[in-house]
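Everything numeric here is computed off the predicted structure, so don't read it as measured data. The chains referred to below are lettered A, B, ... by the order of the sequence lines, with proteins before strands, and numbering in each begins at 1.
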2 protein chains.
Amino acid sequence: MSRRAGILEFAVLGLLRESPMHGYELRKRLNTSLGVFRAFSYGTLYPCLKTLVARGWLAEESAAAPGEPATLSGRRAKIVYRLTADGKEHFEELLSQTGPDAYEDEHFAARFAFFGQTSRDVRMRVLEGRRSRLEERLEKMRASLSRTRERLDDYTLELQRHGMESVEREVRWLNELIESERVGRDLRTSRPGDAERQKGAPGDLPRPGSDSRPDSPGTPT
Amino acid sequence: MSRRAGILEFAVLGLLRESPMHGYELRKRLNTSLGVFRAFSYGTLYPCLKTLVARGWLAEESAAAPGEPATLSGRRAKIVYRLTADGKEHFEELLSQTGPDAYEDEHFAARFAFFGQTSRDVRMRVLEGRRSRLEERLEKMRASLSRTRERLDDYTLELQRHGMESVEREVRWLNELIESERVGRDLRTSRPGDAERQKGAPGDLPRPGSDSRPDSPGTPT
DNA sequence: TCGTTCATGTAACGCGTTACATGATTGC
DNA sequence: GCAATCATGTAACGCGTTACATGAACGA
């Protein structure tokens with residue numbers, strides 16, 4: 001139990017849950033669409049896929065011409081990975097876990113990216129956990145800053161100030177998200193066949209945005 | 001020549017240049033004062049110190065009672081590390097290097113933390129290099145966003161938007177810093193005895209609205 | 001046909017952590 | 001005298017990268 005998930009494993013399961021894919025495409029999704037926040041190389045991804053297959057969470061399927069088992073002929077076929085029932089169950093379990101790990105920078109970003117498939121109470125717990133994690137951080141920074149204030153040069157100080165402001169900014173962002181969740185907007189979108197929810201409802205994303213400008217993706221934290 | 005510095009090595013040399021220290025204290029400085037942006041464990045630090053000694057950049061000195069070589073008796077003494085002349089020279093060389101590595105998240109933060117001992121032209125190059133690195137990043141984010149806009153759910157989109165805003169804020173921060181450097185304020189302070197600079201001057205430290213990463217950032221692409 | 005992108009993998013290595021093991025010093 | 005913190009280290013492992021190796025599909 002609680003198998004020490006790992007961001008890659010988590011993200012792979014999450015992406016494959018949406019639709020089967022082969023490794024190459026998976027990596028692109030990981031690094032662009034989803035993971036502006038994280039880059040993985042093939043040397044990491046492929047071995048990972050293998051172990052997930054070995055554990056029964058993924059199944060490999062050849063994408064060769066129909067009727068061609070592909071493994072039989074000399075041709076090397078694309079391998080399409082699909083989430084098994086076990087894999088789905090496992091991912092669901094991972095989604096529901098809210099241990100302290102989930103509040104770390106990159107882990108949090110990965111969790112957030114799959115909020116569309118996460119229940120509201122778990123979302124709340126993750127957001128609040130993240131927030132208190134950051135608040136602890138701020139505490140420590142403030143303490144350390146007042147302890148050492150006079151001994152640091154201006155550049156070091158500026159660096160610390162800047163870092164602290166970043167954290168504060170993320171806290172404000174979380175506050176808004178938490179408030180949105182609390183108010184009631186449940187915007188688990190994406191799952192195909194879920195599109196019927198009327199879209200004119202007052203209160204889409206906290207960012208009235210989505211439309212603000214045709215350019216705004218980014219890196220978390 | 002260009003020995004693949006490594007953040008830890010760099011920071012250790014930089015801190016020891018200010019004053020000799022033993023490992024334990026060094027680690028604290030690394031993780032609090034200096035490194036809100038990075039935490040190192042002893043398992044990393046001590047072996048590193050050894051290799052730096054082996055290369056002749058650091059010298060070990062026992063802090064035992066005077067007259068007591070400490071290594072001779074059974075007592076285990078504190079080991080105080082001091083930068084050698086070679087080490088100083090080496091650090092100076094590292095400081096002056098402005099290769100592409102220096103613009104990566106954590107590497108950049110480490111460089112910035114030692115700006116107090118860096119010449120103005122190098123500071124400029126590092127700041128500008130960092131900025132263009134971030135601008136490339138923004139380019140990619142925008143491209144990827146407009147390519148995939150319709151296929152992402154709101155949470156993923158929000159994550160990207162937030163990340164991008166963070167990068168944009170850091171760019172603004174850098175703009176202000178660069179402008180300050182250009183205008184001429186040379187604020188390599190710190191070393192005691194520099195406190196007299198009047199503080200009302202129009203244009204002290206830029207108080208930019210900023211953002212960046214205090215630690216464990218998303219290191220994309 | 002030739003270069004680019006798609007596609008899959010492996011081996012060696014880098015950098016760092018955790019957990020463990022040990023002992024000295026300080027303050028109550 | 002006992003706990004907390006200071007202080008130093010090692011071994012095993014985790015997680016990821018780079019560089020290498022291979023080959024198919026596609027478009028100009």
Side-chain angles (χ1 to χ4, degrees), chain A residues 3-12 20-32 35 37-53 58 60-65 68 70-71 73-81 100-101 104-107 110, chain B residues 3-12 20-32 35 37-53 58 60-65 68 70-71 73-81 100-101 104-107 110 215-216 218-221:
Chain A
R3 305 199 55 53
R4 286 236 49 235
I7 293 170
L8 180 55
E9 178 183 315
F10 178 78
V12 164
M21 257 176 277
H22 54 262
Y24 192 86
E25 194 185 346
L26 206 40
R27 193 221 176 202
K28 278 197 309 184
R29 296 281 304 263
L30 239 29
N31 295 342
T32 61
F37 59 89
R38 194 61 155 101
F40 291 100
S41 62
Y42 299 120
T44 311
L45 178 59
Y46 285 116
C48 171
L49 287 171
K50 281 200 169 168
T51 76
L52 294 184
V53 168
L58 301 185
E60 296 182 337
E61 276 159 18
S62 138
E68 279 256 54
T71 332
S73 59
R75 302 181 65 258
R76 176 155 61 162
K78 281 206 279 190
I79 296 169
V80 174
Y81 293 91
D101 277 6
E104 294 308 324
D105 301 291
E106 303 203 329
H107 209 320
Chain B
R3 305 197 58 50
R4 284 239 50 229
I7 293 170
L8 180 54
E9 178 183 314
F10 178 77
V12 164
M21 260 177 276
H22 54 264
Y24 192 85
E25 195 185 344
L26 206 40
R27 194 220 176 204
K28 277 197 308 183
R29 297 280 304 264
L30 239 28
N31 295 342
T32 60
F37 59 89
R38 195 61 155 99
F40 290 99
S41 63
Y42 299 119
T44 312
L45 178 60
Y46 284 115
C48 171
L49 286 171
K50 282 200 168 168
T51 76
L52 294 184
V53 168
L58 302 185
E60 296 182 338
E61 274 158 20
S62 138
E68 279 256 56
T71 332
S73 60
R75 303 181 64 255
R76 176 155 62 164
K78 281 205 280 193
I79 296 168
V80 174
Y81 293 91
D101 277 6
E104 295 307 324
D105 302 291
E106 303 204 327
H107 209 320
D215 63 34
S216 77
T219 302
T221 203

Taking the side chain as every heavy atom from C-beta outward, state whether A/L26 and A/L49 have any pair of such atoms under 4.5 Å apart.
yes
In whole Å, what is the span from the CZ atom of B/R27 to the P atom of D/dA7?
13 Å
Please list, chain by chain and in numerical order, all residues satisfying side-chain hydrogen bond (donor to acceptor under 3.5 Å, both in side chains) with A/S41, sequence neighbours excluded.
A/T44
Looking only at non-hydrogen atoms, find the nearest pair between A/N31 and A/A39 and report the distance.
OD1-CA, 3.2 Å
Interface polar pairs with nucleotides 3-6 of chain C, N/O, under 3.5 angstrom:
residue, atom, partner, partner atom, Å
C/dC6, OP2, A/Y24, OH, 2.8

Shortest non-hydrogen contact between B/A110 and B/I7, atoms and distance
CB-CG2, 4.0 Å
From OH of A/Y81 across to P of C/dA7 the rounded distance in Å is 13 Å
Roughly how far, to the nearest 0.5 Å, is NZ of A/K50 from CD of A/E60?
8.0 Å
Can a side chain N or O of B/K50 be found less than 4.0 Å away from OP1 or OP2 on D/dT10?
yes
Where is the tightest heavy-atom contact between A/A11 and A/L30, given as atom of each residue plus distance?
CB-CD1, 3.8 Å
Go through the structure and list residues passing ring pair (Phe, Tyr, Trp, His ring centres under 6.0 Å) with A/F40, not counting sequence neighbours.
none
Atom CE of B/M21 and atom P of D/dT8 are separated, to the nearest Å, by 12 Å
Rounding to 10°, can you tell me the angle the first-five-pair axis of the helix from C/dT1-D/dA28 to C/dC28-D/dG1 makes with its last-five-pair axis?
30°
Report, one pair per line, the protein and nucleotides 16-18 of chain D atoms (nitrogen or oxygen only) whose separation is under 3.5 Å.
residue, atom, partner, partner atom, Å
D/dG16, OP1, A/R38, NH2, 3.4
D/dT17, OP1, A/A39, O, 2.6
D/dT17, OP2, A/S41, N, 3.0
D/dT17, OP2, A/S41, OG, 2.8
D/dT17, OP2, A/T44, OG1, 2.3

B/H107 NE2 - C/dC15 P separation (whole Å):
11 Å
Going by heavy atoms in the side chains, are A/L52 and A/C48 under 4.5 Å from each other?
yes
If I take atom CD in residue A/E9 and atom C1' in nucleotide D/dG14, what distance separates them, rounded to the nearest angstrom?
13 Å
Nearest-Å distance for atom pair CD/C1', residues B/E106 and C/dC15:
12 Å
How close do B/Y24 and B/Y46 get, counting heavy atoms only, and between which atoms?
N-OH, 3.6 Å
Shortest non-hydrogen pair, B/P47 vs B/Y42, comes out as CD-O, 3.6 Å
Measure from CD1 on A/I79 to C1' on C/dA7 and round the result to the nearest Å.
9 Å
Provide, to the nearest angstrom, the distance between the CD atom belonging to B/E25 and the C1' atom belonging to D/dT5.
14 Å
